[in-house]
Asker: 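This structure is in structure tokens; I'll ask about it shortly.
Bear in mind that the values here come from a model prediction, so they are computed numbers and not experimental data.
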Amino acid sequence: LVPRKYEHIYSATALLRPGPLGVGAHTKYIELEHGESEPEYLHPKMKNALKKTKGLIIFQEQVLQICRDMAGFTLEEADNFRSVVGKKKKDKMPAMLEKFVVGCVKNNVDEKIAKQVSDMLVSWSSYGFNLSHAVSYSGLSMYQVYLKTYFSREFWASKLQFGNTDPEKKESVYAYRSKLLEDGYKIAPISVNTCSDKITIDRRNMIYWKLDLVKSVGAPAAKIIGKCGPYDSPLDVLNKVKKRFNELKAKGKADSKKCPVNKGKLVALISAGAFDFMCDEVTTRFDVGADFLIDMYPKNKRDMFIEVFKN
């Protein structure tokens with residue numbers, strides 16, 4: 001199918017699901033659109049509902065229209081029919097189908113044809129879809145395709161920013177990251193000097209991960225760290241962030257009562273590599289963490305911790 005108008009797109013959205021695929025409805029639709037087969041209507045009264053989809057029942061709203069045009073149902077009766085048949089309520093389905101046939105006969109439709117149409121509607125129930133949903137989903141898909149094509153960096157940054165962080169999920173940020181790496185994007189080393197609470201992608205297609213994806217850091221801490229840099233050490237981060245937080249608190253603009261950055265969160269960032277700019281062939285992350293923790297304690301207690309960490 002090569003979509004030439006919006007109807008083709010939202011019809012494809014409805015058809016490319018397990019139900020329609022299982023009965024080959026998508027193949028039939030493509031054949032009809034390519035002119036490889038002709039639209040068929042069991043009765044002329046069906047044409048009003050099925051003209052746009054060339055005789056193929058795809059949407060729930062088409063069933064409502066068929067019920068009204070052929071059986072003379074009211075909107076309420078038509079919706080009840082859709083609900084019973086669509087949800088396969090076995091206790092109510094025989095009576096509802098009989099009501100449909102009787103209504104068709106009263107409306108000058110041959111009983112045999114009415115029963116064929118009712119059988120068709122039962123078959124439809126295995127894959128019918130809501131038109132308004134298909135139109136909405138397709139609209140969102142078109143927006144996303146446009147953004148992905150013409151604003152790819154911004155598109156992927158947004159997907160990564162707001163994506164699911166559960167690595168077990170198919171569409172998690174980690175799955176997106178793997179795809180981007182396959183497509184030639186690169187991931188910058190995590191750092192308190194280049195990362196914040198937002199994922200960004202620069203013109204070189206370099207992805208800067210957000211700090212709150214590090215376990216136990218949290219978005220408030222990542223946000224304020226991103227605003228107070230640059231930094232030269234974990235202690236520098238703590239001092240600058242606390243200063244900024246106290247300024248905000250004095251103005252009544254702080255998001256919380258306590259400073260969101262503390263010793264534990266900085267240790268987590270050190271472990272994740274956010275201070276690797278301090279490391280070299282001699283200095284390791286452990287050394288950076290040890291120096292930071294030693295600095296956190298009063299001078300009169302430091303000797304004990306120096307013994308623990310340095311030996």
Asker: Are more than 12 heavy atoms, taken from residues, nucleotides or ligands other than Lys92, located less than 6.0 Å from that residue's NZ atom?
Answerer: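 12 or below, so no.
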Asker: Between CG of Leu16 and NE2 of His26, what distance do you get to the nearest 0.5 Å?
Answerer: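 The CG atom of Leu16 sits 7.0 Å away from the NE2 atom of His26.
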Asker: Fit a plane to each ring of Tyr29 and His8, take the angle between them on a 0 to 90° scale, and name the class: parallel (under 30°), tilted (30 to 60°) or perpendicular (over 60°).
Answerer: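 Taking His8 first and then Tyr29, their aromatic rings stand perpendicular (interplane angle over 60°).
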Asker: Has Asn107 got a side-chain atom pairing as donor or acceptor with Val109's backbone, closer than 3.5 angstrom?
Answerer: no
Asker: Would you say Lys115 has more than 12 foreign heavy atoms packed within less than 6.0 Å of its NZ?
Answerer: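 No, because the 6.0 Å sphere around NZ of Lys115 holds 12 heavy atoms or fewer from other groups.
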Asker: Relative to each other, are the rings of Phe81 and Phe100 parallel, tilted or perpendicular (30° and 60° limits)?
Answerer: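 If you compare the ring of Phe81 with that of Phe100, the planes turn out tilted.
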Asker: What do you reckon, is CD of Glu40 surrounded by more than 12 foreign heavy atoms closer than 6.0 Å?
Answerer: no
Asker: Tell me whether the count of non-hydrogen atoms from other residues, nucleotides or ligands lying under 6.0 Å of CZ in Arg244 goes above 12.
Answerer: no
Asker: Run the ring pair (Phe, Tyr, Trp, His ring centres under 6.0 Å) test on Phe129 and Phe59 for me, step by step, so that the C-alpha distance in whole Å, both residues' side-chain angles and the decisive distance to 0.1 Å come before the verdict.
Answerer: CA-CA 5 Å; Phe129 198 61; Phe59 304 109; 7.5 Å; no
Asker: Please indicate whether Glu38 has more than 12 foreign heavy atoms, meaning atoms of other residues, nucleotides or ligands, lying under 6.0 Å from its CD.
Answerer: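 12 or below, so no.
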Asker: Following the transitive rule for hydrophobic clusters with a side-chain heavy-atom cut-off under 4.5 Å over Ile, Leu, Val, Met, Phe, Trp and Tyr, establish whether Phe73 and Met70 coincide in one cluster.
Answerer: yes
Asker: What verdict does the side-chain hydrogen bond (donor to acceptor under 3.5 Å, both in side chains) test give for Ser233 and Asp236, after you've listed the backbone C-alpha separation in whole Å, the side-chain angles of each residue and the deciding distance to 0.1 Å?
Answerer: CA-CA 5 Å; Ser233 69; Asp236 188 36; 5.3 Å; no
Asker: State plainly whether one hydrophobic cluster holds both Ile225 and Val288, where clusters connect Ile, Leu, Val, Met, Phe, Trp and Tyr through side-chain heavy atoms under 4.5 angstrom apart.
Answerer: yes
Asker: Could you state the interatomic distance from CG (Leu238) to CG (Leu266), rounded to the nearest 0.5 Å?
Answerer: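 Going from CG on Leu238 over to CG on Leu266, the span is 5.5 Å.
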Asker: Can you tell me if NZ on Lys87 sees more than 12 non-hydrogen neighbours from other groups inside 6.0 Å?
Answerer: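 12 or below, so no.
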Asker: Do any N or O atoms from the side chain of Gln62 and from the backbone of Ala49 form a donor-acceptor pair under 3.5 angstrom?
Answerer: yes
Asker: Calculate, to the nearest 0.5 Å, the distance between atoms CG and CG belonging to Leu97 and Asp119 respectively.
Answerer: 8.0 Å
Asker: Evaluate whether atom OH of Tyr6 has more than 12 neighbouring non-hydrogen atoms of other residues, nucleotides or ligands under 6.0 angstrom away.
Answerer: yes
Asker: Mind checking the SG-CG spacing from Cys279 to Asp287? Nearest 0.5 Å is all I need.
Answerer: 7.5 Å
Asker: Report yes or no: is the cationic atom of Arg177 (NZ for Lys, CZ for Arg) under 6.0 Å from the centre of the six-membered ring of Trp156, at an angle within 45° of the ring normal?
Answerer: no
Asker: How are the rings of Phe151 and Tyr146 set to each other: parallel, tilted or perpendicular (split at 30° and 60°)?
Answerer: tilted
Asker: How would you list, by chain and number, every residue that makes a side-chain contact (heavy atoms from CB on, under 4.5 Å) with Asn193, sequence neighbours excluded?
Answerer: Ser191, Pro230, Tyr231, Phe277
Asker: Decide if atom CD of Gln144 counts as having more than 12 heavy atoms of other residues, nucleotides or ligands within a radius under 6.0 Å.
Answerer: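 Counting neighbours around CD of Gln144, more than 12 heavy atoms of other residues, nucleotides or ligands fall under 6.0 Å, so yes.
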Asker: OG/Ser118 to CD1/Ile113 distance, rounded to the nearest 0.5 angstrom?
Answerer: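 It is 12.0 Å, given to the nearest 0.5 Å.
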Asker: Could you grab the distance from atom CD of Gln116 to atom NE2 of His43, nearest 0.5 Å is fine?
Answerer: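 So the gap between those two atoms works out to 11.5 Å.
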